[in-house]
Amino acid sequence: AILAIKKTQAYEREKRFAEEGQVLNEISKEITRHLELTYVFNQILAKALDLTHSMEGNLMLYDPRKNDLWMAAERNVAEEKKRLRQSLDQGVIGYVAKHKHLLNVDLTQLPWRDMNTKLFPGALSELAVPMLAGNDLLGVLNVESSSHESFNKSDERLLQGLADLAVIALQNARTFDNEKRSAMEAQVLNDISREIATQLDPIY
C-alpha cells in the first residue's frame, strides 16, 4: 500500500511538472513574437496572476544607475504608489532584489510584517522571484494574495519560469535595439561618405 501511494504521488508530481512545462512553453511562444516590452511584461504579469490565483502583483525592473527598482507592469497597486521607485532596502521585493533569491512569505509574520511596503493593502501572502541573467539582477516579479499561505511550490516554479521568460524578452529587446541602432549608424555613415564623395572635385 505504501509503495502504491508513493508511485501515485510520483506520478502526480511528474504530471504536474509536465503541465507546468507545457504552460510555460505556450506562454513563451506567445510572448517571443513581440518586442514591445510593455505588452510582454503585462502579459507575463497577467499569466502570473492567473496561474497563481492572485489578484494583485507587479513586475519591477532594476536600474543599475540609481541602484533601485521601477514599476514596469502592475495590477491593483495603490494609486499613489504606482510611480514610486523602490530601493533595494525596502520591502520584500527589495529584499529579493538585494539577495537574489525567491521569497514566499506570510506578511503577518516578522520580519516581513514590518518590512511590508503595503503596495497592495490587505495582502497577507507574498511570492517574489528575482529576474536574473546569470548573476546580474534585471528585476523582480511579484504576486500577492489576501489569503494566508496562498502560494505553494508549484506557484514558485511557475513564477520563476515566468521571471526567466521576462529576462529573455528583455534581452531580446535590448539586442534588437542595439542591432537597429548599429544599422542606423552604419546607414548614416554611408550617407555621409557618399555626400562627401559627391562634393570632392575629381583629381586628374
Side-chain angles (χ1 to χ4, degrees), residues 23-24 27-28 30-108 112-133 136-148 150-151 155-174:
V23 167
L24 291 174
I27 296 169
S28 177
E30 181 179 340
I31 68 171
T32 50
R33 294 195 298 266
H34 300 272
L35 287 171
E36 171 52 51
L37 285 178
T38 300
Y39 171 84
V40 170
F41 290 155
N42 276 290
Q43 286 295 106
I44 287 173
L45 181 57
K47 294 293 184 183
L49 296 176
D50 182 48
L51 293 170
T52 61
H53 309 291
S54 306
M55 293 300 293
E56 57 253 348
N58 60 346
L59 187 154
M60 302 196 79
L61 293 182
Y62 175 62
D63 184 345
R65 293 169 300 177
K66 297 185 177 181
N67 193 34
D68 67 1
L69 299 155
W70 62 276
M71 208 170 302
E74 57 79 21
R75 289 290 187 282
N76 296 326
V77 169
E79 188 64 34
E80 68 276 10
K81 297 188 177 183
K82 285 185 179 181
R83 283 166 291 281
L84 292 181
R85 300 179 74 99
Q86 183 170 335
S87 81
L88 274 57
D89 294 318
Q90 287 182 296
V92 172
I93 293 172
Y95 189 96
V96 168
K98 187 173 185 176
H99 296 277
K100 300 179 181 178
H101 67 74
L102 174 152
L103 276 182
N104 182 357
V105 299
D106 182 342
L107 294 173
T108 66
W112 319 116
R113 184 183 67 199
D114 293 342
M115 195 181 294
N116 186 12
T117 58
K118 295 182 172 57
L119 282 176
F120 308 100
L124 299 177
S125 302
E126 183 167 2
L127 173 59
V129 299
M131 294 165 48
L132 299 173
D136 295 332
L137 175 70
L138 298 186
V140 176
L141 180 59
N142 175 72
V143 293
E144 301 190 27
S145 171
S146 57
S147 301
H148 285 287
S150 185
F151 306 112
D155 295 323
E156 293 176 7
R157 288 191 299 270
L158 284 168
L159 202 67
Q160 188 62 70
L162 289 169
D164 293 342
L165 290 178
V167 168
I168 293 170
L170 186 57
Q171 291 176 322
N172 286 346
R174 287 177 176 175

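On a predicted model such as this, the values are computed, not experimentally measured, just so you know. Numbers for residues simply follow the sequence, beginning at 1.
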Check your understanding: Would you find a donor on one side and an acceptor on the other, under 3.5 Å apart, between the side chain of Asn116 and the backbone of Trp112?
Key -> no
Check your understanding: Nearest heavy-atom pair of Phe120 and Arg75: which atoms, and what distance?
Key -> CE2-O, 3.2 Å
Check your understanding: Which value, rounded to the nearest 0.5 Å, describes the distance between Gln43 atom CD and Leu162 atom CG?
Key -> 11.5 Å
**Study point:** side-chain contact (heavy atoms from CB on, under 4.5 Å) assessment of Glu56 paired with Leu119
**Key:** CA-CA 9 Å; Glu56 57 253 348; Leu119 282 176; over 6 Å; no
Practice item. Output the distance between atom CD (Glu126) and atom CG (Asn142), rounded to the nearest 0.5 Å. Key: 4.0 Å
Exercise for review: Run through Ile93, Asp68, Asn58 and flag the one making a side-chain contact (heavy atoms from CB on, under 4.5 Å) with Gln86.
Suggested key: Ile93
**Study point:** Heavy-atom donor-acceptor pair, Lys66 side chain to Arg85 backbone, under 3.5 Å
**Key:** no
Review point. Hey, is the main chain of Pro130 close enough, under 3.5 Å, to the side chain of Gln160 for a donor-acceptor pair?
Key: yes
Practice item. Using a 4.5 Å cut-off on heavy atoms from C-beta on, say whether the side chain of Leu127 contacts that of Leu102. Key: yes
Practice item. Specify the closest pair of heavy atoms between Val129 and Ala163, including all atoms of both residues, with the distance to one decimal. Key: CG2-CB, 3.6 Å
Review point. Out of Ser54, Ser125, Ser150, which one pairs with Ser145 under the side chain to side chain donor-acceptor pair (under 3.5 Å) rule?
Key: Ser150
Check your understanding: Is the shortest heavy-atom distance from the side chain of Tyr95 to the side chain of His101 under 4.5 Å?
Key -> yes
Review point. Looking only at heavy atoms, what is the nearest atom pair of Leu137 and Lys100, with distance?
Key: CB-CE, 4.2 Å
Practice item. Report yes if the side chains of Leu51 and Asp155 come closer than 4.5 Å at any heavy-atom pair, otherwise no. Key: no
Review point. Side chains of Val167 and Leu132: does their closest heavy-atom pair fall under 4.5 Å?
Key: no
Check your understanding: How about Met115: does its CE atom have over 12 heavy atoms from other parts shown lying under 6.0 Å from it?
Key -> yes
Practice item. Verify the distance criterion only: is there a donor paired with an acceptor across the side chains of Asn67 and Tyr62 at less than 3.5 Å? Key: yes
Study note, to complete from the structure: So NZ of Lys47 and CG of Asn42: to nearest 0.5 Å the spacing works out to 13.0 Å
Exercise for review: Classify the side-chain pair Asp106/Thr108 by whether it contains a donor and acceptor separated by less than 3.5 Å.
Suggested key: yes
Practice item. Please step through side-chain contact (heavy atoms from CB on, under 4.5 Å) for the pair Phe41 and Leu61, ending with a clear verdict. Key: CA-CA 10 Å; Phe41 290 155; Leu61 293 182; 3.7 Å; yes
Practice item. Find out whether Leu69 and Leu88 are in side-chain contact, i.e. whether some heavy atom of one side chain is under 4.5 Å from a heavy atom of the other. Key: yes
Check your understanding: Taking atom CE of Met131 and atom CD1 of Ile44, what is their separation to the nearest 0.5 Å?
Key -> 7.0 Å
Review point. Any side-chain heavy-atom pair from Val92 and Leu107 closer than 4.5 angstrom?
Key: yes
Point to revise | Over all atoms of both residues, closest heavy-atom pair of Leu37 and Ala169 | key: CD2-O, 3.6 Å
Point to revise | For the student: nearest non-hydrogen atoms of Val140 and Ala128, plus distance | key: CG1-CB, 4.1 Å
Study note, to complete from the structure: Tightest non-hydrogen contact, residues Leu159 and Ala48, listed as CD1-CB, 3.5 Å
Review point. So do Lys81 and Lys118 actually touch side chain to side chain, heavy atoms under 4.5 Å?
Key: yes
